[in-house]
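For reference, the structure is listed below as structure tokens.
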Amino acid sequence: MPRPHTKQPLPPATAIGSPLLFAFCLLLINNKSHNSPPPPAPAGHRVRRRLAMASTAPASSLSTPLLSGSAAPARAANGHHATNHHHNGDSDASARDDGGGDPFAFLSPEDGPPPRGRGASPADPFRNGTPGWGGGAYAWARTLLLLPVAAVRLALFGLAIAVGYAATWVALRGWADARGRPREGTGPMPAWRRSLMWVTRISARCILFAFGYQWIRKKGRPAPRELAPIVVSNHVSYIEPIFFFYELFPTIVSSESHDALPFVGTIIRAMQVIYVDRFSPASRKAAVNEIKARTAPLIALDLVNRKAACNSFPRVLLFPEGTTTNGRFLLSFQHGAFIPGYPVQPVVIRYPHVHFDQSWGNISLLKLMFKMFTQFHNFMEVEYLPVVYPPEIKQENALHFAENTSYAMARALNVLPTSYSYGDSMIMARAVEAEKANCSNYMVEMAWVKDVYGVSTAEAMELLEHFLAMNPDNEGRVKAQDFWAHFGLDCSPLCKKIFHYFDFDIKESITFRQFLVGCAHLRKQPLFQGACETAFEKCMDPETSDISRAQLADVLRLSMLLPSDDGMLKLFQTFDVDGDEKISRDDFITCIGRFPFLIAFFAAPINGEVYIEIV
């Protein structure tokens, strides 16, 4: 009666009783090392066994292959130093399977715990403090009382928009191209056209009056354009651009999407806007160059390719936070306003209030406008701060210049500067779109993540899509079962070790911040890129130079992972980035770069373990 088929790993080579069988195993290993296919197995029952070969290469250099003839000990997959498998094979196998140790120790030449990062900030710079449409008896009584006033204000708002649009259209007539933009090479707007724009500026003040800003308290004065050609301000609401249009009539930096807005797009074009795509490095560079050209001092005119004097252009206004906040925090500044290296004048905006938070945070534009129309008066304070000059050390201009300006504004506002950025607002907006609860829990302090780990907003958004697909709970946390189900796997001992690497606070669940920081930390390990290349070389078919589904299954068995057929298909599709039913080198590197924790599944072949079939 034939013995039943078994998939359980047997003891290492020294424990195999038959010398003939042991010699046959070594022959198979030698064949594998020369990239030759194993001999065809005869028909009949086959027993699968795993044979571990200790890696002997030092793990201190990416240029050194992970398998060599050196006698130095290497790290095994369980995070401990590999020992001689001819004597301690059983203990090593048990250490690997019991769930202890660091699954990524082979990626770093030094022992150490996984990264814990800094604690998540409890701040939420985007939360609007105004309650819903009601807000209590006083709010309802005020709204009902001011409904007739709101109707009058709405009429004034519409009239001001119409008059301002008409004046702007006349000012642009014959000076703009077919799209309404200034013609190429026309230079600054002529003086008579700028004079005509005063009608639009008065209309902007009427719009502020309609929104309840009957008077605006101002402190300080704008510095001369020759002294500070760039103005930066905190960004709380859509009110600031309207105010600065009336007060300074500056040039602004804007997304091209705003150009298509009715009425607003025409007025923006009259401000000789500098268009930028914030996700395009080339567009951002071009915008910075244009800011330099428009704000260059007269002594540097020979260095810029402009026909007219730069002082004919209006000063440039930027909101370095890149998006609106609730006014109680400052986001990390983008550097576009500071790269040119010219003096800037900071301006801080405050909206003192008791019942109505005027910030444009997590509140719809329609609701915000309605509440503004139904207030007796909306308070606004504008303070012009002293001019901030760039540091003398040229190499440190942008970073230190932005920090100095941020601290000056934070002190004036009496608020805290944070490491949140526009990327966090995008992350939270995507969580809101996915109808998740407590969406602020998904924020990661993107400026800090980018500075420490070099992760872009686009990369964070890509990981967020996968995290949202892992069924996070109401607190924005994902459990291990849901995490690995996304990849078609169960919680094996190795999977638990990997998950615990992300679970910094040991809550048996992880946040998106922990997921993002953990992945970024793994990508920065000194041996990560070399491990990826070695893993592919060890696992690929030498004839086709790719990894098949069966070969991937063999690698998973080395790590004691036995997914179901559906799970195996799901994991294979994760690696098969281009969907051609095979894992090429580009597929493998792309997938591991996206999900670097999957490299732990390939620790066995990286450390010299091979999977063989014994007949």
Side-chain angles (χ1 to χ4, degrees), residues 143 146-183 186 188-216 218 233 235-275 314 317 319 324 349 351 356 358 360 363-380 382:
T143 301
L146 292 178
L147 278 179
V149 178
V152 175
R153 288 177 172 177
L154 182 60
L156 176 61
F157 172 78
L159 179 62
I161 284 285
V163 172
Y165 174 79
T168 303
W169 184 85
V170 173
L172 292 177
R173 189 72 174 171
W175 183 67
D177 59 18
R179 295 186 299 170
R181 298 184 182 182
R183 299 181 187 277
T186 55
M189 179 180 281
W192 73 270
R193 295 182 186 273
R194 292 202 304 270
S195 299
L196 189 57
M197 286 301 298
W198 264 106
V199 177
T200 309
R201 295 174 69 176
I202 297 299
S203 299
R205 185 62 186 92
C206 293
I207 291 175
L208 293 175
F209 188 91
F211 278 127
Y213 299 95
Q214 291 86 5
W215 63 87
I216 298 173
K218 291 189 287 186
S233 172
H235 200 6
V236 180
S237 180
Y238 60 83
I239 295 298
E240 298 101 43
I242 302 174
F243 169 79
F244 283 118
F245 180 85
Y246 161 71
E247 178 85 354
L248 302 176
F249 189 52
T251 288
I252 63 172
V253 179
S254 173
S255 171
E256 288 209 25
S257 60
H258 295 159
D259 189 73
L261 295 175
F263 302 107
V264 177
T266 301
I267 296 175
I268 285 178
R269 289 191 291 272
M271 299 173 71
Q272 305 173 78
V273 64
I274 300 173
Y275 292 102
L317 168 69
F319 299 102
T324 56
I349 309 293
Y351 296 92
F356 170 47
Q358 302 158 57
W360 192 9
I363 182 174
S364 67
L365 177 61
L366 180 61
K367 178 180 177 181
L368 187 60
M369 292 178 64
F370 175 79
K371 285 186 171 292
M372 283 185 174
F373 282 140
T374 55
Q375 301 293 315
F376 291 107
H377 174 74
N378 290 312
F379 292 91
M380 181 179 181
V382 180

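Remark: Y213 engages Q358 in a side-chain hydrogen bond (donor to acceptor under 3.5 Å, both in side chains) (not counting sequence neighbours). With sequence neighbours left out, Q375 forms a side-chain hydrogen bond (donor to acceptor under 3.5 Å, both in side chains) with no residue at all. Partners of T168 according to the side-chain hydrogen bond (donor to acceptor under 3.5 Å, both in side chains) rule, which considers only residues two or more places apart in sequence or in another chain, are T200. In this view, I274 and T251, V253, A287, E290, I291, R294 satisfy the side chain to side chain contact (heavy atoms under 4.5 Å, CB included) rule, not counting sequence neighbours. Under the rule for a side chain to side chain contact (heavy atoms under 4.5 Å, CB included), the partners of R205 that lie at least two apart in sequence or sit in another chain are L208, F209, I216, Y246.
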*Take M271 and L317, measure what side-chain contact (heavy atoms from CB on, under 4.5 Å) needs, and give me the verdict at the end.*
CA-CA 10 Å; M271 299 173 71; L317 168 69; 5.9 Å; no
*F211 and L156: side-chain contact (heavy atoms from CB on, under 4.5 Å), yes or no, with the steps?*
CA-CA 10 Å; F211 278 127; L156 176 61; over 6 Å; no
*Hey, mind stepping through L146 and F376 against side-chain contact (heavy atoms from CB on, under 4.5 Å) and telling me if it holds?*
CA-CA 8 Å; L146 292 178; F376 291 107; 3.7 Å; yes
*Decide yes or no on side-chain contact (heavy atoms from CB on, under 4.5 Å) for S237 and M380, but give the supporting numbers first.*
CA-CA 11 Å; S237 180; M380 181 179 181; over 6 Å; no
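When all heavy atoms are compared, the tightest approach of E247 to R201 is O-NH2, 3.3 Å. The two residues A204 and I242 make their nearest non-hydrogen contact at O-CG2, 3.6 Å. Contact between C206 and A160 at its shortest, heavy atoms only, is CB-CB, 4.0 Å. Nearest heavy-atom pair, A167 versus L196, reported as atom, atom and distance to 0.1 Å: O-CD2, 3.9 Å. Taking every heavy atom of both residues into account, P314 and P250 meet most closely at CB-CA, 4.0 Å.
The line from CZ of F244 to CD1 of I252 is 12.0 Å long, rounded to the nearest 0.5 Å. To the nearest 0.5 Å, atom CD of residue E240 and atom OH of residue Y238 are 10.5 Å apart. Taking CG of N378 as the start and CZ of F373 as the end, the distance is 10.5 Å to the nearest 0.5 Å.
Sorted pairs that involve residues 147-162 and meet salt bridge (charged side-chain N to carboxylate O under 4.0 Å, His left out), not counting sequence neighbours, are lacking altogether.
Ring geometry for W215 versus H377: interplanar angle under 30°, hence parallel rather than tilted (30 to 60°).
Side-chain contact between T324 and V236 is absent, with no heavy atoms from C-beta onward closer than 4.5 Å.
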